[in-house]
K.L.:
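Can you read through this structure? Questions will come right after.
Since the structure is predicted, the reported quantities are computational estimates derived from the model, not experimental observations.
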Amino acid sequence: MENLKEIIRKNRSYRKFDHSKKLDIGFLQDILYSARMSQSAANLQPLRYITVADEDIASRVFPTLAWAGYLKDWDGPSEKEQPVAYIVVLAEKESKFSQVDAGLAMQNITLSAMACGVGSCMIGNIKREQLNKVLQVPENLQILYVIALGYPVEDVRVVSMRETPDHKYYRDEDEVHYVPKRCIDDIIVGEF
């Protein structure tokens with residue numbers, strides 16, 4: 001297993017996957033263990049999950065998602081590059097801290113996946129009503145996010161925000177995906 005720092009460095013938002021390499025429900029359950037072990041505000045544990053590894057259901061989830069808002073001339077992955085699995089993050093409708101819990105759980109899920117060489121993309125731009133119908137989400141739960149999963153087939157590189165005009169990710173003519181990040185000196189505002 002790689003060290004945690006290296007896994008974090010590799011854990012990018014991947015949007016192109018090898019659609020021929022499938023993931024099964026057992027793998028999704030394994031990485032959900034890390035979500036179950038996440039910290040939870042007041043330990044209320046309001047999150048629930050729907051796992052999707054079935055090819056037919058996955059093909060019905062895909063059109064409910066929007067991809068890469070900053071890439072205006074890209075409509076999302078081609079059929080051969082679509083995710084092969086999804087984890088849908090749900091919360092009890094009345095839960096107070098579900099957004100905090102979702103962030104913690106999703107980070108654990110994506111790091112666990114990346115440790116196995118599986119890439120992910122956390123998606124919040126969702127046609128929720130349509131996805132509710134596809135997955136028959138129970139009435140007491142609401143869809144928060146969808147995590148798309150698969151073996152990545154794109155080159156995603158982190159660059160210094162000092163080298164780019166702003167924070168927006170972009171692709172070059174070779175389809176290399178660049179993600180600007182602030183330098184450590186730019187995020188520390190005090191040291192005592």
Side-chain angles (χ1 to χ4, degrees), residues 1-17 27-49 65-72 83 86-126 128 141-152 154-172 175-192:
M1 181 193 223
E2 298 177 72
N3 74 41
L4 183 57
K5 214 175 205 181
E6 183 62 15
I7 293 168
I8 291 170
R9 187 193 64 75
K10 287 182 176 180
N11 190 36
R12 312 279 22 113
S13 292
Y14 292 99
R15 295 174 179 89
K16 293 181 181 182
F17 305 93
F27 174 79
L28 300 179
Q29 288 176 352
D30 283 348
I31 63 174
L32 274 176
Y33 173 84
S34 63
R36 190 175 75 83
M37 290 291 120
S38 298
Q39 302 95 321
S40 175
N43 202 33
L44 295 173
Q45 304 174 59
L47 302 181
R48 303 293 182 273
Y49 306 91
L65 308 173
W67 293 86
Y70 291 145
L71 304 178
K72 301 297 182 198
Y86 299 95
I87 294 176
V88 181
V89 182
L90 310 164
E92 298 167 351
K93 286 187 176 174
E94 303 303 318
S95 60
K96 189 174 180 183
F97 303 110
S98 60
Q99 292 292 334
V100 172
D101 282 18
L104 293 165
M106 290 190 306
Q107 188 68 22
N108 280 5
I109 290 167
T110 61
L111 288 171
S112 295
M114 191 75 260
C116 298
V118 174
S120 61
C121 187
M122 294 182 266
I123 302 169
N125 193 349
I126 304 162
R128 285 174 173 77
L141 299 174
Q142 62 183 330
I143 297 171
L144 297 180
Y145 300 98
V146 174
I147 303 171
L149 297 151
Y151 290 92
E154 67 181 322
D155 184 0
V156 179
R157 299 179 190 175
V158 173
V159 294
S160 167
M161 197 177 283
R162 292 177 183 169
E163 300 169 18
T164 62
D166 59 30
H167 63 281
K168 296 178 181 175
Y169 51 80
Y170 59 94
R171 291 198 175 140
D172 67 14
E175 290 296 305
V176 175
H177 189 93
Y178 294 92
V179 182
K181 292 289 183 184
R182 296 183 195 280
C183 296
I184 193 76
D185 295 343
D186 296 333
I187 65 171
I188 297 173
V189 295
E191 292 184 310
F192 302 94

K.L.:
How far apart are the closest heavy atoms of A35 and Y49, and which atoms are they?
P.N.:
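The answer is CB-OH, 3.5 Å.
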K.L.:
Which pairs count as salt bridge (charged side-chain N to carboxylate O under 4.0 Å, His left out) when at least one residue sits in residues 36-48, sequence neighbours excluded?
P.N.:
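For residues 36-48: R48-E92.
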K.L.:
Does some side-chain heavy atom of V158 sit less than 4.5 Å from a side-chain heavy atom of R9?
P.N.:
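R9 does not reach V158 side chain to side chain.
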K.L.:
Out of curiosity, L47 CG to D101 CG, how far, rounded to the nearest 0.5 Å?
P.N.:
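Spacing of CG (L47) from CG (D101) equals 5.0 Å.
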K.L.:
Which residues pass the side-chain contact (heavy atoms from CB on, under 4.5 Å) test with A66, sequence neighbours left out?
P.N.:
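Here the qualifying residues are N125.
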K.L.:
Just to verify, what does E94 make a side-chain hydrogen bond (donor to acceptor under 3.5 Å, both in side chains) with, not counting sequence neighbours?
P.N.:
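side-chain hydrogen bond (donor to acceptor under 3.5 Å, both in side chains) list for E94, sorted by chain: empty.
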K.L.:
If you look at every heavy atom in A91 and S95, which pair is closest and at what distance?
P.N.:
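In this case the closest contact between A91 and S95 is CB-OG, 3.9 Å.
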K.L.:
Heavy atoms only: give me the nearest F27-V118 pair and the separation to one decimal.
P.N.:
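Taking F27 first and V118 second, the nearest heavy atoms are CZ-CG2, 3.7 Å.
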K.L.:
Can you name the residues that form a side-chain hydrogen bond (donor to acceptor under 3.5 Å, both in side chains) with R171, not counting sequence neighbours?
P.N.:
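Residues passing side-chain hydrogen bond (donor to acceptor under 3.5 Å, both in side chains) with R171: E154, H177.
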K.L.:
Could you give the distance from CZ (F17) to OG (S120), rounded to the nearest 0.5 Å?
P.N.:
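Answer rounded to 0.5 Å: 7.0 Å.
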K.L.:
With rounding to the nearest 0.5 Å, note down the distance linking CD1 in I31 to CG in L149.
P.N.:
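Between atom CD1 of I31 and atom CG of L149 there are 5.0 Å.
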K.L.:
Just to verify, what does K168 make a side-chain contact (heavy atoms from CB on, under 4.5 Å) with, not counting sequence neighbours?
P.N.:
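Listed in chain order: Y70, D166.
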K.L.:
Report the C-alpha distance between V88 and I126 in whole Å, list the side-chain angles of each, state the deciding distance to 0.1 Å, and finish with yes or no for side-chain contact (heavy atoms from CB on, under 4.5 Å).
P.N.:
CA-CA 11 Å; V88 181; I126 304 162; over 6 Å; no
K.L.:
Please list, chain by chain and in numerical order, all residues satisfying side-chain contact (heavy atoms from CB on, under 4.5 Å) with E163, sequence neighbours excluded.
P.N.:
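With sequence neighbours excluded, E163 shows a side-chain contact (heavy atoms from CB on, under 4.5 Å) to V159, S160, given in chain and number order.
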K.L.:
Looking only at heavy atoms, which two atoms of W67 and A148 are closest? And how far apart?
P.N.:
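Minimum heavy-atom contact is CH2-CB, 3.7 Å.
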K.L.:
By side-chain hydrogen bond (donor to acceptor under 3.5 Å, both in side chains), which residues pair with Y178, not counting sequence neighbours?
P.N.:
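For Y178, the residues satisfying side-chain hydrogen bond (donor to acceptor under 3.5 Å, both in side chains) (neighbours in sequence not counted) are D172.
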K.L.:
Pairs in or reaching into residues 181-192: which pass side chain to side chain donor-acceptor pair (under 3.5 Å), with residues at least two apart or in two chains?
P.N.:
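Checked against side chain to side chain donor-acceptor pair (under 3.5 Å) - neighbours excluded - the pairs reaching residues 181-192 are R162-D186.
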K.L.:
Return the set of residues passing salt bridge (Lys or Arg N to Asp or Glu O under 4.0 Å) with D30 (not counting sequence neighbours), or none when no residue passes.
P.N.:
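Scan of D30 (salt bridge (Lys or Arg N to Asp or Glu O under 4.0 Å), adjacent residues dropped) gives none.
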K.L.:
Would you please say whether a donor-acceptor pair under 3.5 Å links the side chains of Q99 and Y145?
P.N.:
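Looking only at side-chain atoms, Y145 and Q99 do form a donor-acceptor pair, the distance falling under 3.5 Å.
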K.L.:
Restricting to side-chain contact (heavy atoms from CB on, under 4.5 Å), what partner residues turn up for N43, sequence neighbours left out?
P.N.:
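Listed in chain order: S40, Q45.
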K.L.:
Enter the distance from I187:CD1 to M161:CE here, rounded to the nearest 0.5 Å.
P.N.:
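The CE atom of M161 is 10.5 Å from CD1 of I187, to the nearest 0.5 Å.
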K.L.:
If every non-hydrogen atom of M122 is compared with every non-hydrogen atom of I147, which pair is closest and at what distance?
P.N.:
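The answer is CG-CG1, 4.2 Å.
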K.L.:
Report yes or no: is the cationic atom of R12 (NZ for Lys, CZ for Arg) closer than 6.0 Å to the six-membered ring centre of Y169, at no more than 45° off its axis?
P.N.:
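No.
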K.L.:
Kindly list each side-chain donor-acceptor pair under 3.5 angstrom involving residues 107-116, sequence neighbours excluded, with atom names and distances?
P.N.:
unit_1 : atom_1 : unit_2 : atom_2 : d
N108   : ND2    : S34    : O      : 3.1
N108   : ND2    : S38    : OG     : 3.0
T110   : OG1    : N11    : ND2    : 3.0
T110   : OG1    : M106   : O      : 3.1
T110   : OG1    : Q107   : O      : 3.2
S112   : OG     : S34    : OG     : 3.0
S112   : OG     : N108   : O      : 2.9

K.L.:
Working to the nearest 0.5 Å, report the span between CG of L90 and CG of L144.
P.N.:
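The CG atom of L90 sits 7.0 Å away from the CG atom of L144.
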K.L.:
Checking R128 now: which residues fulfil side-chain hydrogen bond (donor to acceptor under 3.5 Å, both in side chains) with it, not counting sequence neighbours?
P.N.:
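Testing R128 for side-chain hydrogen bond (donor to acceptor under 3.5 Å, both in side chains), a comparison that skips the adjacent residues, returns none.
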K.L.:
Write down the atom of G117, the atom of Y151, and the distance for their closest heavy-atom approach.
P.N.:
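Shortest heavy-atom contact: O-CD2, 3.5 Å.
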